[in-house]
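Inspection log for the structure reproduced underneath, given as structure tokens.
Letters go in sequence order (proteins before strands), and every chain restarts at 1. Heavy-atom basis, side chains included; hydrogens, waters and symmetry copies ignored.
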Amino acid sequence: MLLSIRDLHVKAEGKDILKGLSLDVDAGQVHAIMGPNGSGKSTLARALSGHPAYEVTSGAITYDGQDLLAMAPEERAQAGVFMAFQYPVEIAGINNAYFLKAALNAVRKNRGLQELDAVEFMQLIREKAKLLEMNQEMLHRSVNEGFSGGEKKRNEIFQMAVLEPRLAILDETDSGLDIDALRIVSHGVNAQRDAHRAIIVVTHYQRLLEYIVPDFVHVLSAGRIVRSGGKELALELEAKGYGWIESGAPGTPALQPADAAGSRK
Amino acid sequence: MSQVAEQSTLASAFEALKALPEFRAAGLGPAREAAFRRFLAAGFPTTRQEEWRHTNIHPIAATEFKLPSAFEINRTAAEPFLFADDLPHRVVLVNGRWSPSLSSLAALPAGVTVRSLRDAVDAAQPKTAPEWLLTASAGMPLVDLTTAFVDDGVVIDIAAKAVISDPIHVVCLNTQAPVPMLVTPRVQIRAGEQAQAFIVESYGGLAGEPTLTNTLTIVDVAAGAMIDHVKLQREAPTAFHLAAMFVRVGRAATFRSHAITLGGRIARNDISAVLAGEGAECTLDGLYVADGDALVDTHTTIDHAMPHCPSHEVYKGILAGRARAVFNGKIIVRQDAQKTNAKQTNKALLLSDDAQINTKPQLEIFADDVKCTHGAAIGQLDEDAMFYMQARGIDYADARNLLIHAFAGEVLDGVREQVVREQAMRLLEEKLSLWKV
């Protein structure tokens, strides 16, 4: 198992957000995490990335055999965990390409690979930029500065394409995207699906899942996974609304903390 | 500690100077005496004075400084300060006095003359000190102090319409002093009409007993001329640096200044530019970096005396440890100075809980059709940006350095000479590597 989350409790701004979430994700799989606002979807994404504002109060996360919670954010990234930000940060004065080169070399170093020289790096990013229909000018602007909402999201998936993570978490990557940008971003993500990579797609809407078709769909409510199923679960949710889940819909129960405890070593 | 006791320490240095033949050279004796009397009457500024409210220079006032006794430094020790390969036109002052062996002016192009202050004064009418040597220093005892003690300096004249593309580097180097030493260099730059030149003024020194560099730079930019000026101050951590620069910018002339402060225990820059002709333009940009117990103070004044003059000012500070900084940006818009467009920004990055800055814009506007903006932003490293970079695999120290580089870059990118820009970045990096943030 690439990623195992067991009975995860996470606090943010003094409030308990995740209250016993368990999830297993294997390489080659795409999992969608859906749920209404406030259910804890983004909290899960940020806790996985090691955001300091999200405090894990109990539970365990194992990534590729390692204790993910013991790793600093940069160590997680170097080990192949990538989060596409819901709100990518603008960084004035740092050139996008330069930033990405620093990131790529940090990741490569961790994988025991040599740093790319300037020519190899430019070749790589030109090729990946095509995938996301990014122009040269965007590569040489300050990181995300003056980018439109859609450009920022494309830039996130572009970074993912360059960094080649083993686990990618897309935090509401579809929010604020028009249909053309959604198509470009989804194409960029789909091009990166392979047997060695797992992707967790956090989204509020089923729309994105028409483009990035998941293997599994999990529904979050009040900080726990309350339903898990195949891609058809997303359609059912779309038709019936989140109220259906929150009012205690019948169906396949999600992996519960009790089950999880049994699988612990 | 009484004021009288403090001043008598300098009085003995002044007596020592009086005994030297150069005291009366070019009839400067009476001017020195008058300047020193004014200094004694006013004393060192104290925090009771508005312009010095946050800058306590008591450690300077309490030190007994001597006149420098040696004016030599060996080439190897000087080398790191010279940028000899990149800046071929060079004047070196050692402890304030022209060093013929370290200076290099053979390849100066036509249209520019660079002389030592001593030669320039000798060439002027004897017995009458040139007006610019006395300076308009009303109310500035530190300018009086440097006038009383001035030993030597550099006079740069650029002929009308001459365009000097290579920078002229003025290096003020202080030796390792066995006792506290007072050094009083002076730089005079005069650009004739439509002349263009680039001057780099750098200050460096070897660590030792504290040196007080009390310096004065005077720049006169005639109509249509352009002067680009960079000051790189990288004195020893024990040094005191009290500097004043007066600039007069003529009609349709341009003056650009980048003041980079990286050294000294107490460093104060008073920069004053008068936009004295219609359409004159000036840029005053600066970067100050301080750590430990250092205190860096920048006081600027831009005096819009005539109409249609734009001025731009960006100062940035990076402070760590218990460092303190002061920024005071005064902009005066005179009654006649309609259509003034003045923009001022001061931003400071505080990298520790104990670092501190006092920043104050000071706008005095007497005209009604003007555009003046000012802003100050003080903050820590942007946490969101830090996390974003870490989430991409860049470790904390590298992420911090990238952000600090970007912050400093806004000012340093405007320095036209690459070797100076890179040197400033390198010195900043050296400091960064010592900071645990």
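- At most 12 heavy atoms of other shown residues, nucleotides or ligands fall within 6.0 angstrom of atom NZ in B/Lys343.
- At a threshold of 4.5 Å between non-hydrogen side-chain atoms, the residues A/Ile94 and B/Met389 count as touching.
- Contact detail for A/Ala102 and B/Leu402: the closest heavy-atom pair is CB-CD1, 4.4 Å.
- A side-chain N or O of B/Tyr388 and one of A/Asn144 form a donor-acceptor pair less than 3.5 Å apart.
- Under a 3.5 Å cut-off, the side chain of A/Glu74 and the backbone N or O of B/Ile394 do not form any donor-acceptor pair.
- Counting non-hydrogen atoms of neighbouring residues, nucleotides and ligands closer than 6.0 angstrom, the CD atom of A/Glu137 exceeds 12 such neighbours.
- Remark: B/Glu429 CD is packed, more than 12 non-hydrogen atoms of other residues, nucleotides or ligands lying under 6.0 Å away.
- Atom OH of A/Tyr98 is surrounded by 12 or fewer heavy atoms from other residues, nucleotides or ligands within 6.0 Å.
- One distance of note links CZ of B/Arg392 with CE of A/Met83; it measures 7.0 Å at 0.5 Å rounding.
- Heavy atoms of A/Phe99 lying under 4.5 Å from chain B belong to its backbone as well as its side chain.
- Contact of A/Pro88 with chain B is made through backbone and side chain together, with heavy-atom distances under 4.5 Å.
- Considering every non-hydrogen atom in both A/Gln78 and B/Gly393, the closest pair reads NE2-O, 2.8 Å.
- Within 6.0 Å of the CG atom in A/Asp67, the count of heavy atoms belonging to other residues, nucleotides or ligands exceeds 12.
- Neither the backbone nor the side chain of A/Glu75 has a heavy atom closer than 4.5 Å to any heavy atom of chain B.
- The neighbour count for B/Lys347 NZ, taken as heavy atoms of other residues, nucleotides or ligands under 6.0 Å away, does not exceed 12.
- Heavy-atom contacts from other residues, nucleotides or ligands closer than 6.0 Å to OH of A/Tyr87 number 12 or fewer.
- Residues A/Ala92 and B/Ala406 approach most closely at O-CB, 3.5 Å, considering heavy atoms.
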